[in-house]
Each structure stands twice: as C-alpha cells, then as structure tokens.
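Reviewing the structure listed below.
Throughout, protein chains are lettered first and strands after them, A, B, ... in sequence-line order, and every chain is numbered starting at 1.
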2 protein chains.
Amino acid sequence: MAVPPGTRRPRQAPIATLSRVAPRPTLRDVATAAGVHPATASRALNEDTRSLVRPATVERVRQVATALGYSPNPIARSLKTNRSETVGVLVPDITNPVFPPIVRGVEDFLAEHGYTALTANTDNDPERAALNFAAMQARQVDGYIIATARRDDPLLHDAAGRGVPMVLVNRQTEGLDVSAVTGDDSVGISRVVDHLVDLGHTRIGHVAGPSSTSTGIARERAFRSALERYDLSAAAAVTAQAFTEAAGRTAMLELLEAGAPTAVVAGNDLLAIGCYDALDDLGLECPRDVSVVGFNDMPFIGRLRPPLTSVRVPQYELGIEAARLLLDRLSGRSTTPRSVLLPVTLVVRGSTAPPPGARARRRGRGSAPSPG
Amino acid sequence: MAVPPGTRRPRQAPIATLSRVAPRPTLRDVATAAGVHPATASRALNEDTRSLVRPATVERVRQVATALGYSPNPIARSLKTNRSETVGVLVPDITNPVFPPIVRGVEDFLAEHGYTALTANTDNDPERAALNFAAMQARQVDGYIIATARRDDPLLHDAAGRGVPMVLVNRQTEGLDVSAVTGDDSVGISRVVDHLVDLGHTRIGHVAGPSSTSTGIARERAFRSALERYDLSAAAAVTAQAFTEAAGRTAMLELLEAGAPTAVVAGNDLLAIGCYDALDDLGLECPRDVSVVGFNDMPFIGRLRPPLTSVRVPQYELGIEAARLLLDRLSGRSTTPRSVLLPVTLVVRGSTAPPPGARARRRGRGSAPSPG
DNA sequence: TTGTACGCGTTATCAA
DNA sequence: TTGATAACGCGTACAA
C-alpha cells in the first residue's frame with residue numbers, strides 16, 4: 001500500500017504466526033518519545049557527534065533509548081556508512097587444532113571493540129578462498145584476517161592492490177606490503193637444532209611443510225642454516241605435500257629410506273604425528289630409534305605417545321595481535337604495514353633423546369658453538 | 001550536498017586515498033546497462049519473481065549482470081527483507097576440540113545454501129551468552145544454532161517464547177520445545193558398561209559432567225541404569241564442576257578415594273584426560289590399575305598415552321544436521337520441532353583392560369544378560 | 001509484462 | 001544547537 005510520506009508504517013499485523021519476534025524500537029521511536037528529531041537522536045547517541053548536541057538533550061535521548069531498550073540497527077547503519085564493523089577471517093580448516101586458538105584470539109579482541117568475525121574455511125583451495133573472500137566482500141566486511149596466505153597468492157596481491165585492509169597471520173605472502181603476525185620460525189628451528197645437537201645427533205633430517213606456504217619454506221631454510229652453524233648438513237630432507245598427518249607419514253617413509261637420520265625435525269606438529277605413524281609402520285620406536293620434533297605445540301600434543309617435543313608458538317596472542325593491527329589500520333591510527341614476530345620457545349618432551357648408542361654430548365642450554 | 005531526486009550520486013571522488021576499494025556495481029547500474037527499470041532488473045535477478053519477467057528480458061539482464069560482475073548488496077537486501085541469510089552459532093569455546101567439527105559441519109551446510117555463520121564463544125557464562133545473543137539479534141541473524149544450552153536456560157526459554165528460530169546441538173534444555181540434534185548418550189554409555197563388564201569389571205565408577213548440562217545428567221542416568229541391568233551399582237560417582245581436564249582430575253581424585261573402582265566412565269574425553277592426570281598423581285597406571293573410558297571420541301584422543309577408549313559421536317554430522325533443521329525451519333518447510341538422535345559407536349582402545357588380577361569374563365560383543 | 005513510488009533505519013549535509 | 005531532507009541499495013504493492 002502506498003502511504004503518504006511521514007506516515008508511520010502499520011506495525012506488524014497481529015496475525016498469529018509461529019515466529020512473532022517482537023519488533024525492535026527504531027531511532028524514530030526514540031526520537032518521538034524524546035520529543036526530538038531523529039537526526040538529533042542519532043547525533044546524541046553517536047559517540048563522535050555527541051558534542052554537537054546540547055548536554056541536556058543528550059541525556060534525555062539516552063534515557064529514553066535505554067528505557068525503550070533501543071539499540072541501533074547495524075544493517076541500516078552499514079547501508080549508510082559502507083562499514084559493517086565486521087571482519088572476515090579466512091582459515092584453512094578450523095578443525096586443524098592450530099587454528100582455534102588463533103581464531104579465538106581474533107574474536108576476543110574484535111568483540112572487545114564492537115567488531116564481529118565472519119569465519120570461513122578454505123581447505124587450502126585458492127578457489128574456495130576466492131569465493132569466500134568475495135562473499136565476505138559482498139557482506140561489506142571492513143577488512144580481513146588471513147591465515148590461509150600462500151607464498152604466491154594472486155588473490156591477496158589483487159585485493160591489497162585495491163586497498164582492501166588486511167592482516168596476515170601465521171603465514172605470509174611474498175612481496176605483499178601488508179601487516180603480518182607470525183611466530184619466529186627461524187629462532188624456533190634454531191633452538192630445535194641446538195637441542196638435537198646437544199643430545200648428540202649429527203644425522204638430522206627434515207620433513208618440510210609444503211613449499212606453497214611461507215612457513216614450509218622459512219622453516220626449511222632455518223633448518224639448513226642452523227645445521228651449517230654446526231658444520232653439519234641435512235641427513236635428508238623431504239617436502240610434504242600438505243600440513244597433514246598423512247602427508248607427514250609419506251614424507252617420513254621416504255626420508256628414512258633416503259638418509260637414515262637419528263633425529264627428524266618436522267615442519268609442524270601434524271607432520272610430526274605423521275612421522276610417528278611412519279616409525280610405527282617400520283617397527284621403529286621414538287625416541288629410542290629416532291627422535292622427532294614438531295612445531296607449534298598445538299593443544300594436547302604434550303599428551304601424545306610419546307609426548308612431542310615442539311616449538312611453542314603463542315597462537316592466541318597471534319590472533320589478538322593480528323586483530324589489533326587490523327583495527328588500528330581500520331581506525332586510521334596506523335597506516336604503514338607492520339610485521340610482528342612473536343617469540344617462540346622450545347618445549348622439550350619425550351620424543352627426543354640421545355641417538356642410539358650414544359650419550360648426550362654436553363649439558364646446558366644449547367647455543368651455537370663460538371666460531372673457530 | 002542536496003541532490004535532486006533521480007540524480008545519480010557522484011561516484012567516489014578520485015582523491016588518492018590509501019583504501020580506494022573499487023565501488024561495486026548496483027542494481028541500478030545493471031538496469032541502466034540493460035535498458036530496463038531497476039524494478040525489472042530486480043525481478044529478473046530474483047529466483048521467485050523471475051517468472052513475472054519476459055524470458056528475453058531476464059536473459060538480457062542476467063547477461064549484463066554477470067558482465068558487470070554484479071552481485072546484490074546483502075546489507076540493502078536485509079534492510080528491506082528483515083532477513084540476513086546469517087545464523088548465529090553459540091559455542092562454549094571453539095578451543096575445546098569437540099566443537100570445531102560441529103562448527104565446521106554447520107558452516108559447510110550453511111555455505112552450501114548461501115547462508116553465513118556468525119560464531120561466538122560464551123565460556124559457559126550465561127551472561128556472555130546473553131550478550132552475544134543480543135548482539136547477534138541486533139545483526140538480524142535469521143536464527144541460532146546453540147551448542148551452549150544449559151539444562152535450565154532462561155535465555156533460551158525466553159527467546160523460544162518470542163518465536164526466535166533455533167536449533168540446539170549436542171546439549172539440550174529441559175522443557176524447551178525446539179529442535180535438537182544430539183548423540184545417543186544412553187546407547188553410548190550402555191555400550192561402555194557392556195564393554196567394561198565384558199572385561200570383568202564389577203567396581204565401576206563415574207566422573208559425571210556438570211549437572212547444569214543435559215549431557216552430564218543424561219550420561220549419569222544412563223550409567224546407573226546400565227549398571228542395574230547387570231545387577232550392579234556404582235562403585236562411586238562424583239560430579240565434576242566443568243567439562244575440563246582440571247575438573248576431571250579433581251573429581252577423579254575424590255572418586256578413587258571414595259570407591260576404589262577398577263574402571264571409570266568419564267562424562268566426556270576432557271574429563272577422561274583429567275582422570276589420567278589423577279592416576280598419574282597417585283602413581284597408578286591406566287589401564288593396568290584402573291580402566292578409563294571417555295565420551296565423544298574427539299580428534300587425536302586415540303593418540304594419547306594410553307589411547308583412550310571412547311564413544312564416537314559424529315560431531316561433523318551433528319553440525320550438518322543442526323544446520324539442516326534450522327534452514328528447514330527458516331524456509332517454512334518444516335514447522336514442528338524435531339529431536340534428532342544420531343547413532344554413536346564404542347571405539348575400544350588401550351585405556352581399557354581387565355581389572356587387576358582377572359581375565360576377561362567372556363568374549364563376544366557385550367549385551368545385557370537375559371533377565372532371570 | 002513492465003514502470004512508478006515508497007520505505008526499510010540510519011546518517012550526512014544543508015539550512016535555520 | 002536542532003530540524004529538514006535526501007540517500008545508501010534493494011524489494012514490492014500498485015498502477016499501467
């Protein structure tokens with residue numbers, strides 16, 4: 001029905017319907033009840049326009065608003081402002097135990113600042129990533145937190161080029177000028193190698209993460225250079241096809257055949273579990289026959305059989321920090337991209353021991369020998 | 001600036017700004033390009049009004065739309081329709097390994113149908129739940145999937161009373177007439193007791209989940225009635241304060257003191273891990289001294305030390321099913337609440353063995369002895 | 001079969 | 001300091 005302007009819509013007909021959700025009061029309701037114009041009510045209720053309104057009026061409007069239980073309609077606001085107070089979060093798979101703490105950190109920080117997270121799983125599929133990215137774009141997300149970055153990621157380059165605000169977390173993309181928060185892969189791996197050398201290992205292998213990810217590459221590089229500091233070289237190195245147990249197992253079987261290492265550094269914890277499986281397959285025992293080290297120290301990994309020695313990455317803080325960087329960017333507080341490297345620590349557990357037929361070379365926290 | 005109606009807004013000034021995101025084409029852009037009125041374009045593009053438009057016109061509009069890369073603005077649509085194609089998902093804590101598979105199931109099903117999930121963590125705090133619920137309400141979510149239900153939950157009763165569409169998953173609320181999807185607690189516990197009795201246990205204890213949750217209560221009841229079928233009674237039963245490892249440990253310590261059981265059924269896997277901890281504390285060994293069984297069969301639980309015998313609940317399917325029920329409800333396809341009970345299976349692993357100084361009583365898959 | 005005219009609830013801009 | 005007005009992008013009764 002065509003209603004003359006200024007007339008209020010007839011509120012929801014009292015037909016008995018199953019889902020009769022009570023209509024929320026609108027800004028106009030508040031304005032009318034407070035005897036002011038909607039625009040004034042809007043100004044009174046909005047943080048940064050409040051100063052334009054006489055304090056007494058502000059007070060009255062706020063009183064009425066809380067009395068009516070008014071809260072602004074974010075949809076209408078978004079339509080007007082082109083912002084949604086919503087950010088998109090892209091993870092490979094929330095089912096991978098590494099990501100829940102990160103996501104939780106992100107959500108906690110966002111919530112604290114009135115923002116909401118929209119999460120999607122990409123399964124490391126660039127196509128799914130693009131689809132989800134577009135869907136979020138359509139929903140007017142103000143920015144993105146990306147845990148799915150590939151080392152070469154046209155999607156991200158494209159978006160960054162268009163000025164889409166985003167922060168990478170955990171993984172990076174090469175040559176992309178955006179903020180990123182990651183654990184210190186290099187130091188982590190270095191500590192691992194120190195530890196293994198300390199124990200007396202000299203034949204150390206590496207099950208590297210996929211070369212499509214920055215973490216895969218970075219940890220492999222770190223591994224090689226850490227060995228060099230001891231004048232060692234890799235007993236063998238195999239690159240896994242994915243950060244999964246299955247891929248780890250396959251890679252480990254290959255590795256054991258190639259290099260007969262007494263210790264193996266895995267690209268992450270899931271790969272390390274795959275290494276366990278491979279050892280099982282061959283009737284070998286960890287750490288008696290082969291020591292295994294993971295990366296990330298994901299939840300419950302210390303309760304495995306045997307408890308996995310791993311590098312603890314502060315996942316939750318990673319999420320917090322990423323969210324902080326994004327909101328800083330969105331609010332214009334910070335404008336130049338920053339790379340944040342969070343400190344990691346080696347957690348020694350039962351999966352590492354001296355090599356077969358040897359005792360630990362020396363005691364004390366391992367560090368590279370002084371050169372010369 | 002006041003522009004006469006009908007005039008097109010001046011598109012984004014070409015000022016060099018950091019975040020110059022390309023403006024998305026609108027329905028009007030499509031309409032103009034196709035030489036039709038926006039209303040016509042709208043009808044042509046919308047599934048259920050398409051029949052009102054001449055096929056040739058439909059085709060032309062669609063061509064233009066894809067050519068321009070048009071996709072409707074969900075925000076504007078929501079404002080008009082009061083729907084958002086978004087559903088709120090409430091979980092206690094995404095960091096608890098039980099929930100990621102559920103959430104993933106929900107998101108997968110929703111995505112398949114054009115819906116998006118908004119997830120929030122409540123930490124089992126009714127106040128946080130209410131806050132998140134309200135925030136989602138404000139964002140116009142079309143319905144809720146609730147994994148945080150308390151046995152007595154005023155928030156949910158209130159919302160259900162107002163006709164808010166929702167589906168419970170995993171946990172239930174008493175006397176609440178809404179759809180729910182859960183694992184079959186009763187059958188699961190029954191299988192567990194069968195298994196333990198099979199092994200020869202007669203002194204069986206229970207570390208129950210918190211009585212504020214339906215799962216805590218249901219499993220305890222099932223435990224007692226399963227024992228009755230064997231003319232046994234609980235060696236002891238202690239209720240844990242929360243579904244956490246810490247609470248499980250505390251409860252288990254109490255339980256061991258009270259009843260000296262040879263086997264313990266834990267309310268869920270996290271409690272079972274707590275039981276492991278308690279046994280460690282006392283220098284006891286599982287399963288040699290005490291057998292332990294969990295519930296849920298959460299990821300990686302089979303890789304613990306020892307691998308935990310548990311009841312496998314199809315978490316992912318739980319999520320799928322819950323999402324399906326909700327969308328059915330939202331589309332009006334189904335109107336009466338349904339309770340779906342998903343089948344569970346016992347997964348026997350290394351945490352269960354015959355009691356000290358005994359051999360298994362009988363072989364074969366356990367079932368209750370014929371009465372009499 | 002298509003066009004006209006509003007309005008969803010909010011905020012930006014101008015005028016007073 | 002406040003009010004009036006338009007507009008964000010879309011869907012939909014009504015008219016044609």
Hey, does the side chain of [X] come within less than 4.0 Å of [N]'s phosphate (OP1/OP2), counting only N and O?
X: A:N46; N: C:dT11; result: yes
X: B:S42; N: D:dG11; result: yes
X: B:T40; N: C:dG3; result: yes
X: B:R77; N: D:dG11; result: yes
X: A:R54; N: D:dT2; result: yes

Rounded distance (Å) that lies between atom [atom2] of [N] and atom [atom1] of [X]:
X: B:R83; N: C:dC8; atom1: CZ; atom2: C1'; answer: 13 Å
X: B:R139; N: C:dC8; atom1: CZ; atom2: P; answer: 22 Å
X: B:Q140; N: C:dG9; atom1: CD; atom2: P; answer: 9 Å
X: A:N73; N: C:dC8; atom1: CG; atom2: P; answer: 12 Å
X: B:D48; N: D:dT12; atom1: CG; atom2: C1'; answer: 12 Å
X: A:E59; N: D:dT1; atom1: CD; atom2: C1'; answer: 17 Å
X: B:L45; N: C:dT2; atom1: CG; atom2: C1'; answer: 16 Å
X: B:H37; N: C:dA5; atom1: NE2; atom2: C1'; answer: 8 Å

From the options [options], select the nucleotide whose nearest atom is closest to the side chain of [X].
X: B:T26; options: D:dG3, D:dC8, D:dC10; result: D:dC10
X: A:A76; options: C:dG9, C:dT1, D:dT2; result: C:dG9
X: A:L27; options: C:dT11, D:dA4, D:dT12; result: C:dT11

[X] (side chain) and [N] (base): donor-acceptor pair under 3.5 Å:
X: B:R24; N: D:dG9; result: no
X: A:R43; N: C:dT13; result: yes
X: A:K80; N: D:dA7; result: yes

State, with a plain yes or no, whether a side-chain heavy atom of [X] is found less than 4.5 Å away from one of [Y].
X: B:S78; Y: B:Q140; result: no
X: B:L27; Y: B:Y70; result: yes
X: B:T86; Y: A:R139; result: yes
X: B:N73; Y: B:T26; result: no

Which pairs count as salt bridge (charged side-chain N to carboxylate O under 4.0 Å, His left out) when at least one residue sits in residues 63-85 of chain B, sequence neighbours excluded?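 Residue pairs passing salt bridge (charged side-chain N to carboxylate O under 4.0 Å, His left out), neighbours aside: none found.
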DNA chain C: 5'-proximal contact among B:L52 and B:T81 (nearest heavy atom):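 This one resolves to B:L52.
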Which part of the nucleic acid, if any, lies within contact of A:P72, taking any heavy atom under 4.0 Å across all strands shown: a base, the sugar-phosphate backbone alone, or nothing?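 Here A:P72 touches the backbone only, sparing every base.
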Which is true for A:T57 with a 4.0 Å heavy-atom rule: it touches a base, it touches only sugar-phosphate, or it touches nothing?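 Sugar-phosphate contact only.
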By nearest nucleotide on DNA chain D, pick out whichever of A:A39 and A:S51 is the more 5' one.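 Per heavy-atom nearest nucleotide, the more 5' residue is A:S51.
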A:L327 vs A:S331, side chain to side chain contact (heavy atoms under 4.5 Å, CB included): CA-CA, chis, key distance, verdict: CA-CA 6 Å; A:L327 292 198; A:S331 70; 5.9 Å; no
